[in-house]
Amino acid sequence: MKYRIPLALLTSLTAAGLTACGIIPTPAPPTEPPSPSASATTPPSPSGSPSPSASGQDERPALAETRSTLTPDLKVEVVGLNRVKGEHLVAQLRLSNTGTGKHIPWTGEMGDNTRPLGEIRWASGIGVLDARARTWILPYQPAGSPCLCSDRRRDGLDYFIDAGQSITLYAVLPAPSGDPATTTVVTPVGPPMPDVPISDEPPVTPAGMNVPDPDAEPVTTITRRIVTPSQSLDKSEETADDGEDLRVSLSSDVLFAVNKATLTGRARTILARTAKLVDSSPGPTVRVEGHADSSGTDAINDPLSRRRAQAVRAALSPLVTRQGVTFQAKGYGSRSPLYSNDTEEGKRRNRRVTVTFAKPRAAEPEPATASPAETPDETGLTGTAAADGQPISMAVNGLRRLPGGLGLLTYTVTNEGDSEAWFNELHHAKDWMSFKYQAATNITLTDEAAGRQYLPGRLQVPTDDGGVDSYCACTSVSGVRLATEKFAPGQSRQFWNLFELPADASSRTVKIAGFKELQVPVR
């Protein structure tokens, strides 16, 4: 037997912060068509009020949009982004097939590719980028399901989107920290969508969509820590910033002679730079860890890595002027490699002493304003190459500043030839880190004046055995998405990467695969 809840009672429950049947209450959509005076150029309401149509399609104005790198006919639009109870976020995305022929499967495109999901039926890859917290936020995970999100089977959704048609999906996830007015919406499909407005009004949903209440049952928060790497151009040190700690890996080849634990003269200059970073850190503890490559035995590597850590601690401690800092030193031998020991480059980078401390919290300076003569021209940011005998072009779409010292680079690759071509150069990079899957990692940003090179960010995912897998914070070209490297004649695909981008950066030298270097302004 079905029971109808009186409207007055439902209203009182909602006012008390309660929901009926574990569903977030949503206002009824308008029953009258929009005024004829409304135009397509009217700015969208952040609450995303739906516009009814005779076809039954969701015709709300888009707050932001992107295109699938794998299937350019798949358009993704944010049509609702609502903060609920001050701590949750309901995201609604409209997927449209803008092609005229084939239908498009959506479940494989929208699933979270940082974990196994079993069946391909959930929109578990919808999330937001909490840039200030350096966190990639994904939908809540309840017991027995990968996420509080659209489920093809439960929600009665078709597996395919026919040409000219669209579907609307939802995801419920934690709200980004600090109650921001906007955020960056991310999907596995295409480039992130920055500056999407967040509404504190109740979400409005299409008919038949029931958004679950995250407070109605126990749920697990699913997040990915964002780490941004960089390295000095002289290869003397590498850093990794995860928003909480700064890890500075000093090359043992620069610090010491072969099989020795006595610091070189050059090491003093490198340690002086590290000491300045420690001085600006708020943390009371500095960890100094010695590491070796796989050459030799534990009987050799363990004591050598320990003595080298102790040597760095002894030299670094008097260079730090801040009071109350405690130093810890330990050797790990060859048991914690950052790279594959199968190559000489990997071995070189694994021979290191790592200094880890709380990230410096100094206030960010205002971005530098370059004079017109110093500002790179935003036109002509293009390059050419060849693949499978076909001409390939590349155009930088922009280098955009995000909150929290992050930058978003987007660029388009096009097959300008008359035959199909595979362009595989985007992932042919020397591994800065061992990524779980192939991705567009062969991209760098360089600051020549500072002698520093920035590499694509990565998402850290804990593993069941206590380790960490790293996924590139960039376009994936692995698994089903290997087809992103296959270009039909005249076909274009848009790619993206997240990087560290200091607040005073006005431009960066960008190197994408085998294309020429470009001086790209920061927007």
Acceptor/donor pairs from residues 110-117 side chains to any protein atom, 3.5 angstrom cut, sequence neighbours excluded:
{"residue": "D112", "atom": "OD1", "partner": "T114", "partner atom": "N", "Å": "3.0"}
{"residue": "D112", "atom": "OD1", "partner": "T114", "partner atom": "OG1", "Å": "2.7"}
{"residue": "D112", "atom": "OD2", "partner": "T114", "partner atom": "OG1", "Å": "3.2"}
{"residue": "D112", "atom": "OD2", "partner": "R115", "partner atom": "NE", "Å": "2.5"}
{"residue": "T114", "atom": "OG1", "partner": "R224", "partner atom": "NE", "Å": "3.0"}
{"residue": "T114", "atom": "OG1", "partner": "R224", "partner atom": "NH2", "Å": "3.0"}
{"residue": "R115", "atom": "NH1", "partner": "Q141", "partner atom": "OE1", "Å": "3.3"}
{"residue": "R115", "atom": "NH1", "partner": "P146", "partner atom": "O", "Å": "3.3"}
{"residue": "R115", "atom": "NH2", "partner": "P146", "partner atom": "O", "Å": "3.2"}

Among side-chain atoms of [X] and [Y], is any donor-acceptor pair under 3.5 angstrom?
X    : Y    : result
S507 : Q519 : yes
N497 : Y411 : yes
R349 : Q231 : yes
D73  : T71  : no
T239 : S230 : yes
E448 : T509 : yes

Hey, are [X] and [Y] close enough for a salt bridge, meaning a charged N less than 4.0 Å from a carboxylate O?
X    : Y    : value
D241 : R134 : yes
R452 : E237 : yes
R400 : D195 : yes
K330 : E289 : no

For [X] and [Y], indicate whether the former's side chain and the latter's backbone hold a donor-acceptor pair under 3.5 Å.
X    : Y    : value
N415 : A488 : yes
T463 : D469 : no
S305 : G333 : yes
S252 : R352 : yes
R287 : T354 : no
T274 : I270 : yes
D130 : S177 : yes
N301 : S334 : no
D388 : Q390 : no
T264 : V254 : yes

**Asked** Going through the distances and angles, do R67 and T98 end up as a side-chain hydrogen bond (donor to acceptor under 3.5 Å, both in side chains)?
**Response** CA-CA 10 Å; R67 289 274 177 170; T98 61; 2.7 Å; yes
**Request:** Report the C-alpha separation of T382 and V396 in whole Å, then their side-chain angles, then the decisive distance to 0.1 Å, and conclude whether the side chain to side chain contact (heavy atoms under 4.5 Å, CB included) test is met.
**Result:** CA-CA 6 Å; T382 61; V396 173; over 6 Å; no
**Message:** Just to verify, what does T414 make a side-chain contact (heavy atoms from CB on, under 4.5 Å) with, not counting sequence neighbours?
**Reply:**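 side-chain contact (heavy atoms from CB on, under 4.5 Å) list for T414, sorted by chain: S393, T412, E416, S492.
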Does the side chain of [Y] come within less than 4.5 Å of [X]'s, by heavy atoms?
X    : Y    : result
I126 : L93  : yes
S251 : R351 : no
D245 : K359 : no
L402 : L498 : yes
V78  : R94  : no
I226 : L459 : yes
Y471 : R458 : no
R266 : S236 : yes

Separation between [atom1] of [X] and [atom2] of [Y], rounded to the nearest 0.5 Å:
X    : Y    : atom1 : atom2 : result
T285 : F357 : OG1   : CZ    : 12.5 Å
L408 : C474 : CG    : SG    : 11.5 Å
N350 : S294 : CG    : OG    : 7.5 Å
W136 : I222 : CH2   : CD1   : 15.0 Å
T223 : Q460 : OG1   : CD    : 11.0 Å
L409 : I512 : CG    : CD1   : 5.0 Å

**Request:** Among residues two or more places apart or on two chains, list those pairs meeting salt bridge (Lys or Arg N to Asp or Glu O under 4.0 Å) that have a residue in residues 482-491.
**Result:**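 Checked against salt bridge (Lys or Arg N to Asp or Glu O under 4.0 Å) - neighbours excluded - the pairs reaching residues 482-491 are E420-K486.
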**I120 atom CD1: more than 12 heavy-atom contacts under 6.0 Å** =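 No.
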**Message:** Taking CG in D465 as the centre, count heavy atoms belonging to other residues, nucleotides or ligands within less than 6.0 Å. Is the count above 12?
**Reply:**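 Counting other residues, nucleotides and ligands, CG of D465 exceeds 12 neighbours.
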Least distance between heavy atoms, [X] atom then [Y] atom:
X    : Y    : value
C149 : W122 : SG-CB, 3.9 Å
V353 : V288 : CG1-CG1, 3.7 Å
S476 : S478 : OG-OG, 3.1 Å
I392 : A421 : CD1-CB, 4.5 Å
D242 : E244 : OD1-N, 2.8 Å
A311 : L263 : O-CD1, 3.7 Å

**Request:** Give the C-alpha distance, both sets of side-chain angles, the deciding distance and a yes or no for salt bridge (charged side-chain N to carboxylate O under 4.0 Å, His left out) between D302 and R335.
**Result:** CA-CA 9 Å; D302 287 358; R335 289 183 292 278; 3.1 Å; yes
**Message:** Run V186 and W496 through side chain to side chain contact (heavy atoms under 4.5 Å, CB included) and show every step you take.
**Reply:** CA-CA 12 Å; V186 295; W496 64 275; over 6 Å; no
**Message:** My understanding is that only one of E109, R493, Q494 makes a side chain to side chain donor-acceptor pair (under 3.5 Å) with S68; could you say which?
**Reply:**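 Testing each of E109, R493, Q494 against S68, the sole residue satisfying side chain to side chain donor-acceptor pair (under 3.5 Å) is E109.
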**Request:** On the 0 to 90° scale, with breaks at 30° and 60°, tag the F487-F495 ring pair as parallel, tilted or perpendicular.
**Result:**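 Correct class here is tilted.
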**Request:** Tell me, please, which residues at least two apart from R348 pass salt bridge (Lys or Arg N to Asp or Glu O under 4.0 Å).
**Result:**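 Scan of R348 (salt bridge (Lys or Arg N to Asp or Glu O under 4.0 Å), adjacent residues dropped) gives E345.
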**Prompt:** So which pairs with a foot in residues 317-327 pass side-chain hydrogen bond (donor to acceptor under 3.5 Å, both in side chains), sequence neighbours left out?
**Reply:**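 Pairs touching residues 317-327 that pass the test: D279-T321.
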**Request:** Would you please name every residue forming a ring-ring contact (aromatic ring centres under 6.0 Å, His included) with F423, sequence neighbours left out?
**Result:**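 For F423, the residues satisfying ring-ring contact (aromatic ring centres under 6.0 Å, His included) (neighbours in sequence not counted) are F515.
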